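Inspection log for the structure reproduced underneath, given as structure tokens.
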Amino acid sequence: MISRVVRQTVERVLITRELLLFPAFLAFSPLDQRRNYAKQRKRSKYVDPIAIKKTGSTKKMVEFYKDMTAKELSSAMDESFDDVLDVLTNIDKSALDRAVEDEPLDQETIMKTITAFNYKPKLAIRIVKGKEESEDIVPQDAAPESECVKRTPVVTIMGHVDHGKTTLLDSLRNSRIVDGEFGGITQHIGAFSVFLPSSKRSVTFLDTPGHAAFANMRSRGARVTDIVVLVVAADDGVKEQTEQSIKFAREAGVPIIVAINKCDKPTADPARAKRSLLQHDIVVEELGGDVQCVEISALQSKGIDALQEAILTQADLLNLQAPTKGLAEGHVLESSVKPGLGKVCTVLVSRGTLRKGKILVAGTAYTRVRTMTDEHGKEVNEALPGAPLRISGWKDSLPSPGDIVLEASDSNRAEKAIKWRKRIEMEEKAEKDWMETEGSRKADREKYLEMRQALLNRGQRFGSTLRHIAHKKEQLRKSEDDGHPKLKILLRTDVEGSLEAILEVISTYSSTRCNLQLVDFGVGPPTEKEIEMAETAGGTITSL
């Protein structure tokens with residue numbers, strides 16, 4: 001009896017021990033296991049952002065032209081010509097014949113060939129060079145010294161605004177140009193031929209604007225001149241546009257003569273004005289330098305004879321010469337549209353003898369000279385080097401200030417040159433537009449990836465980036481812009497130079513009170529079409 005009780009007790013102990021040693025998870029059912037795993041799992045309130053990997057193409061890019069030959073294609077891909085012929089045999093047998101005869105392939109065949117070599121094709125614009133350059137009209141080579149004669153010197157008057165440049169020119173030519181200037185500010189390049197009775201010689205003067213907005217005009221004046229007369233007010237010294245004029249003269253490599261003006265004023269201090277030039281490396285002869293300096297009073301015509309003598313002395317040192325025979329050449333100083341005359345240009349003759357009826361080319365415009373007038377409006381039959389003229393009769397377009405004027409042998413030669421220039425201009429514009437388009441596509445792709453990343457950061461794997469991101473931003477921007485007034489203007493000017501200066505100023509306009517929108521701009525009085533355009537756009541026509 002006792003042994004049986006002992007045996008049962010031992011069996012219970014062993015069973016209890018085995019249960020304690022048995023793995024605990026087997027004591028649970030599969031349902032209990034899932035519940036336990038669900039309790040232990042940690043759940044996050046936010047979705048982890050997903051990064052978009054930018055995977056670029058590993059293929060080498062090969063640029064091709066629409067009219068590429070098989071040899072050019074093999075050279076562009078750096079592959080052997082025989083390998084290219086093998087590929088062309090599989091693509092198109094007719095293309096193989098063109099390749100053997102070195103004829104251009106079609107665009108589809110070229111792209112298939114590039115792809116067959118595991119390259120990425122990219123269309124490029126072929127720049128036409130070589131033989132077609134002969135269709136243009138270019139300046140002539142320098143003439144032999146034996147064919148050259150002494151010519152009229154060209155002098156440009158430069159300086160700061162309101163320092164008396166135009167008054168000085170009035171004193172030189174006994175006129176009153178300054179009375180006709182709006183606000184006393186020169187707005188055009190004036191070209192005048194002045195006869196100096198003391199020396200019985202003529203000098204061509206160019207009057208450039210001194211206002212800050214006309215920097216391009218001053219630069220052009222310095223490039224076409226022989227001598228620069230730098231006007232500095234005795235009571236004001238060197239100013240911003242004075243510094244700019246010195247810079248332009250040095251870039252053009254022309255000598256400078258300093259004219260200290262307004263010496264008749266009680267507050268005049270010529271010595272201080274001369275010292276102020278030292279900071280810009282302009283050392284006058286009085287201070288031990290080599291720059292001529294004359295003290296004048298343009299208003300009272302004092303010191304004018306001394307200035308004329310200084311100009312002629314400098315011209316003699318330069319030994320200015322030019323041929324009077326052969327084809328004429330020159331530079332466009334100013335261009336405008338005159339009622340009754342049409343497109344008119346102020347031209348400075350630099351070579352040859354210009355006569356009526358000659359064919360001239362400037363930029364992408366040409367003319368058979370219909371009328372030639374001097375600065376007084378008097379017609380002239382011929383003009384020698386150094387003479388300024390107003391020429392009418394320009395066709396196609398209006399020449400731009402700074403363009404080189406070249407004489408053509410006949411109208412056919414002129415038309416060929418104009419067509420060539422326009423084609424080159426279009427090709428350069430197409431290449432520029434292509435580069436801008438490529439840049440725009442790249443920017444749009446980066447913007448799309450940025451918006452897609454913004455959606456993924458929100459936890460949205462699908463959906464339109466245009467609707468969820470771009471349109472919302474545009475609506476916010478529109479709602480912000482609704483409160484700002486906008487001034488729309490249609491701009492017309494009398495000459496190209498004024499338009500250039502005004503557009504330069506408009507480009508710097510910035511105001512939070514009113515937005516400025518330029519509807520259209522051009523040279524000449526507004527036409528009926530432009531008036532209708534302004535009415536449709538709700539804009540104002542401004543004529544200057």
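Treat the numbers as computed from the prediction; the structure is a model and nothing was measured.
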Is the [atom1] atom of [X] crowded by more than 12 outside heavy atoms at less than 6.0 Å?
| X | atom1 | answer |
| --- | --- | --- |
| E535 | CD | no |
| K356 | NZ | yes |
| D410 | CG | yes |
| K71 | NZ | no |

- Message: Check whether D226 reaches the backbone of V154 with its side chain - one donor and one acceptor, N or O, closer than 3.5 Å.
- Response: yes
- Main-chain N/O of T69 paired with E72 side-chain donor or acceptor, under 3.5 Å: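 Flag set: sc E72 to bb T69 pair under 3.5 Å.
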- Query: Side chains of E329 and Q140: donor-acceptor distance under 3.5 Å anywhere?
  - Reply: yes
- Query: How about T152 and T204: does a side-chain donor come under 3.5 Å of a side-chain acceptor?
  - Reply: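 Their side chains do not contain a donor-acceptor pair, so the 3.5 Å distance test is not met.
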- For S301, the side-chain hydrogen bond (donor to acceptor under 3.5 Å, both in side chains) test, sequence neighbours excluded, returns S171
- For K422, check salt bridge (Lys or Arg N to Asp or Glu O under 4.0 Å) against everything at least two apart and list the hits.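 Result, salt bridge (Lys or Arg N to Asp or Glu O under 4.0 Å) vs K422: D396.
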- Task: Report the residues that fulfil salt bridge (Lys or Arg N to Asp or Glu O under 4.0 Å) with K262, sequence neighbours left out, ordered by chain and then residue number.
- Result: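 Salt bridge (Lys or Arg N to Asp or Glu O under 4.0 Å) list for K262, sorted by chain: empty.
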- Sole candidate of Q244, Q241, K165, E243 that passes side chain to side chain donor-acceptor pair (under 3.5 Å) when paired with H160: Q241
- Considering non-hydrogen atoms only, spot the tightest contact between G352 and P385 and give its length. O-CD, 3.3 Å
- Closest non-hydrogen atom pair between A306 and V294, with its separation: CB-CG1, 3.8 Å
- salt bridge (Lys or Arg N to Asp or Glu O under 4.0 Å) evaluation trace for K325 with E147: CA-CA 8 Å; K325 297 180 180 179; E147 297 180 5; over 6 Å; no
- Item | Spatial distance of atom SG (C345) from atom NE2 (H331) [nearest 0.5 Å] |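 So the SG of C345 and the NE2 of H331 are separated by 13.5 Å.
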